[in-house]
Amino acid sequence: MSRFNPDSVPSQFESKEAEEKWSRVWEGAATYGFSEQSTAPTYVIDTPPPTVSGSLHVGHVFSYTQTDVIARYQRMRGRNVFYPMGWDDNGLPTERRVQNYFHVRCEPGAPPFDVSTLQAADDDARKLAPRKLQRGAFIDLCVRLTAEDEKAFKALWQRLGLSVDWSQEYSTISEHSRRMAQLSFLDLFEKKHVYTVEAPTMWDVDFKTAVAQAEVEDREVKGAFHRIRFAVEGGGDFTIATTRPELLPACVAVATHPDDQRYQSLIGKNAVTPLFRAPVPIFGSSLVDPSKGTGILMVCTFGDATDVHWWREEKLPLRQTIGRDGRMAGVEFGVAAFPSRDPAAANATYTTIVGKSMSESRRIIVEALRDPHGSADRNGAPPLIAEPEPLEHAVKFFEKGDRPLEFVSSRQWFVRLLDQRDKLIEMGDQIEWHPDFMRLRFRNWTENLQIDWCVSRQRYFGVPIPVWYRLGPNGETDFSSPLVPEPARLPIDPTSEVPAGFAEAERDRPNGFTADPDVFDTWFTSSLSPQIATGWTQNPDRHRKLFPMDLRPQSHEIIRTWAFYTIAKAWLHEGSIPWKRVAISGWVLDPDRKKMSKSKGNVVTPMHLLDQYGSDAVRYWSLAARLGVDTAFDEKVLKVGRRLVVKVYNATRYVLGQEASAGPVTHPLDLGFLHQLQGAIAAATAHLETMDFAQALDVIERFFWDSFTDSYLELAKGRARSESDPAGRSSAVAALRQGLSVLLRLLAPYLPYVTEEAWSWDFAGEARTSIHLTPWPEASELAPLGTSSEHAEVYELAKGALGAINRAKTQAGGTVGRHVASLTIAAPPKVLALFARAESDIRAATRILNLERLPTADGPQFDLGTLVKTIELAPAPERA
RNA sequence: GGGCGCUUAACUCAGCGGUAGAGUGCCACCUUCACACGGUGGAAGUCGCAGGUUCGAAUCCUGCAGCGCCCACCA
């Protein structure tokens, strides 16, 4: 029998030392390793790859710990847990960091340069123009810088005790991930789920790239209605209202509601725009809201999505005046594409805005509209008939952008999703969502999809689109039959590698080929996280074993991106759902209930909290919150967690320090306690099965404090060191150890450090088996002891009596340590019989010297508040 | 404009059809031989508002209000 000496361990739990010690042990022993050979059922987690260029804050700790508790629970349940960690380093945030840090810019045509010795730019270097780098070299720098960020995250994860299998690490820009993303494209290409088209696309003028619907957000901005008079060919005029007068040169039509009496007669006629004197058709459309503005409006290429719609439906001409840089492009009026009744005047006006930004152009155009000579009829009042009328309206922005999106006609690659909408909704319905209402977010988004997924980005740090195009005899690009590489060549960069059958010399030459210069949307790669982690076609057996996965944890604001695209990819590639369950974590809010974000400056960083309270306490805070619920950061909860950790440590020291050996559990109180513990195991397990780790923690914690340390431990204490009752003593010691073993295991997924430390003192045995690889407790392991609900009654009565007597003692002016000279209790015979079975334990715990029992009449219910009839305290002990 | 969630003690949150709960904080007492990061006890809430269903509602339904989130064709 192994004897534990409480004096052999520190009297205080040293979190930091325990964290360092056990992290090392776990890593050395590959405690959390996934076994490729094991035939045990798997549990596979699609861990969110954090954006490593972002800041670390308690929100990360919160959500990743919530996943870890599930991983640990499933591991203890005997599952072969596959819990990888990915890093999302691909994309714009990294590009921006690298540009600043090294003072470089990516330019695909730049001369080769060896970046291996390049250091962070100093002040001298910054005085020069940024160094221009080829895409490959630029990507090398991105990889280098993000490797540093990944180290910081990994250190945090290990400190927190995430039970990740670190041999399954991946990053979204790694060669493997690029290969997977390009394979995905080839598969979609073959299945004809992707297409390229030149079309008006939402465009960010600062990043100079197309963006997808999912990356767009509406923001309320200040604007103004400008009421502008248009002439009608053949006589007459009308007034439109617009917030974007700078688009006047791009006006291609005028629209009004077909039933609007005011303008009905105009439909079919031509209007003439002011300033530019372009004749444009007037048409009717039910999309026009007669109550908005003046009920008649100009259609431009392109002011908004409705303009795009009308442009397509009415087959209107394209007059793209907005350049890709968000400035007015150079166009000429008086030609077929830009007709004008007065080209000279039109060009004179247009010249004043060429190269100007949208806001500058607006100012200039508004000034011109105040001039009477701008009017279409050449002799009337100014076209601007009133001062601009300020209003607030919603404008579309790229979520990472600062200026409104423009619709710019450009060639982009799209994944066809609109034709899959019903199937995608069906897939979403096959998945379990936690909490369930998050399902609606997915449904809502999917039902309201407006456009296919634009996956090409005019950026550099990303996975290249693996495509070339043939060039015709005059150097014209043939987009109709793109050239794609053989899968074995992936990953490739088409800007530096050549398609089969061509030589480098033929690049960008007539009859040669040209590379697609773009990269994929980062979600194109991130949405393959399940395939990247399993190996997919590179490792089909493994993929079959791990896919579909069991759990996708993520936050709610990326349901329309990450969850949606992952579901779409799994469906398009494999006709399957990617995972069975999605767990949506809430946000961590600052104490004012605002979301923590770097830009708001209200971010709480986690490291000092880990130092101050210990990982287990920080985990406790994370795990006391329910899935999907936003939680205000509250340091008080960390204190509560810390308290629990300390209590676990000390209770274990005490129980394992009992000197008697464990014998058969025979005493009714002990059996009753274990019976109640069986109930707690069942309840906690049921909650964890439905992902309700917070509820399970509540059950476990409550039992630990209320039933174990505050009640059973106090009641069994005396007997556990009794000299006169050896059988009762070994029964108590055995039950205390049993109870502790179960409670430590129930708490292990929540508090991995203190439970491992406590477990190691004795329970780990000769093999030093980690508590985290020990089976999750089951009610049945306590069943052979012969517990019963009758014993439970004894235990509950004893627990209640302990409380009632303590209350009486306090009210009589005594304290717990004070002896009770005599006590009279009154209760029905049945209750007194239960009392008698635990009497010596109750008397020892409450220090009763003389006890009298008064039987009362049997009632339907007995109130323990009436148990104590009289109490007489012994004299207070003399103080030294 | 549509959808979803939240609103319970001073604070942070459980409970979601059967006599209002926890922890923190507050008050009183206590160095009791695991633990003062402790122990014992106490005070503290018309469960957002208004209707309805029910023998019974914090819990179900309807409406309203406040807060938050997601979404929506920017004239």
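A quick note: this is a predicted structure, and the numbers were derived from the prediction, not measured. Residue numbers begin at 1 in each chain, while the letters A, B, ... track the order of the sequences.
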Counting any heavy atom closer than 4.0 Å, what does A:Phe13 reach on the DNA or RNA strands: base, sugar-phosphate only, or nothing? nothing
Checking all strands, does A:Ile296 fall into the base, sugar-phosphate, or nothing category for heavy-atom contacts under 4.0 angstrom? nothing
Taking for each residue the nucleotide of RNA chain B with the nearest heavy atom, is it A:Val637 or A:Val288 whose nucleotide lies nearer the 5' end? A:Val637
With sequence neighbours left out, what residues match A:Ala758 under side-chain contact (heavy atoms from CB on, under 4.5 Å)? A:Thr652, A:Leu744, A:Trp761
Have a look at A:Asp307 and say if it touches a base, only the backbone sugar-phosphate, or nothing, with a 4.0 Å heavy-atom cut-off. nothing
Any Lys/Arg nitrogen of A:Arg244 or A:Glu406 sitting under 4.0 Å from an Asp/Glu carboxylate oxygen of the other? yes
Using every non-hydrogen atom in the two residues, find where A:Lys809 and A:Val816 come nearest and quote the distance to one decimal. NZ-O, 2.9 Å
side-chain N/O A:Gln811 vs B:U40 OP1/OP2, d < 4.0 Å: no
A:Phe238 and A:Tyr263 aromatic ring geometry - parallel, tilted or perpendicular at 30°/60° bounds: perpendicular
Given ring pair (Phe, Tyr, Trp, His ring centres under 6.0 Å), test A:Phe703 with A:Phe673 step by step and report yes or no. CA-CA 10 Å; A:Phe703 192 90; A:Phe673 161 69; 5.8 Å; yes
If the condition is side chain to side chain donor-acceptor pair (under 3.5 Å), which residues does A:Arg653 pass it with, not counting sequence neighbours? none
Base, sugar-phosphate, or nothing: which does A:Tyr620 touch, judged by heavy atoms less than 4.0 Å apart? nothing
Could you check how far NZ of A:Lys809 sits from C1' of B:G41, rounded to whole Å? 12 Å
For B:U19 versus B:C6, give the span between their P atoms, rounded off to a whole number of Å. 24 Å
Between the protein and nucleotides 5-11 of chain B, which nitrogen or oxygen pairs come in under 3.5 angstrom?
unit_1, atom_1, unit_2, atom_2, d
B:C11, O2', A:Lys636, NZ, 2.9
B:C11, O2, A:Lys636, NZ, 2.7

Suppose we screen for side-chain contact (heavy atoms from CB on, under 4.5 Å). Which residues come up paired with A:Glu313, at least two apart in sequence or across chains? A:His309
Close N/O contacts between protein and nucleotides 34-36 of chain B (under 3.5 Å):
unit_1, atom_1, unit_2, atom_2, d
B:A34, O2', A:Arg653, NH2, 3.2
B:A34, N7, A:Lys717, NZ, 3.4
B:A34, N6, A:Glu714, OE2, 3.3
B:A34, N3, A:Asn650, O, 3.3
B:A34, N3, A:Ala651, N, 3.3
B:C35, O2', A:Asn650, ND2, 3.4
B:C35, O2, A:Lys647, NZ, 2.9
B:C35, N3, A:Lys647, NZ, 2.9

Any base atoms under 4.0 Å from A:Gly803, or only sugar-phosphate, or nothing? Heavy atoms, all strands. sugar-phosphate
With sequence neighbours left out, what residues match A:Arg403 under salt bridge (charged side-chain N to carboxylate O under 4.0 Å, His left out)? A:Asp206
Name the nucleic acid region contacted by A:His309, choosing base, sugar-phosphate or nothing; use a 4.0 angstrom heavy-atom cut-off, strictly under. nothing
According to a 3.5 Å limit on both distances, what stems of 3 or more consecutive Watson-Crick or G-U pairs are formed with RNA chain B? B:1-7 with B:65-71, B:10-13 with B:21-24, B:26-30 with B:38-42, B:48-52 with B:60-64
Would you please name every residue forming a salt bridge (charged side-chain N to carboxylate O under 4.0 Å, His left out) with A:Glu14, sequence neighbours left out? none
Can you name the side chain to side chain donor-acceptor pair (under 3.5 Å) partners of A:Asp436, sequence neighbours left out? A:Arg439
Roughly how many Å apart are B:A36 and B:C29, using the C1' atom of each and rounding to a whole number? 14 Å
What distance, rounded to whole Å, do you find between the two C1' atoms, one in B:U7 and one in B:C47? 10 Å
With a 4.0 Å cut-off, would you call A:Lys717 and A:Glu714 a salt bridge? yes
Filtered N/O pairs between nucleotides 68-72 of chain B and protein, under 3.5 Å:
unit_1, atom_1, unit_2, atom_2, d
B:C69, O2', A:Arg441, NH2, 3.2
B:C71, OP1, A:Arg560, NE, 2.5
B:C71, OP1, A:Arg560, NH1, 2.7
B:C71, OP1, A:Arg560, NH2, 3.4
B:A72, OP1, A:Gln213, NE2, 3.3
B:A72, N7, A:Asp218, OD2, 3.3

With sequence neighbours excluded, residues passing side-chain contact (heavy atoms from CB on, under 4.5 Å) with A:Arg262: A:Asp260, A:Pro290
Residues that A:Val637 engages under side-chain contact (heavy atoms from CB on, under 4.5 Å), provided they are two or more places apart: A:Tyr620, A:Trp621, A:Asp634
Expressed in angstrom and rounded to an integer, what is the separation of A:Glu701 atom CD from B:A22 atom C1'? 9 Å
Hey, are A:Asp710 and A:Lys799 close enough for a salt bridge, meaning a charged N less than 4.0 Å from a carboxylate O? no
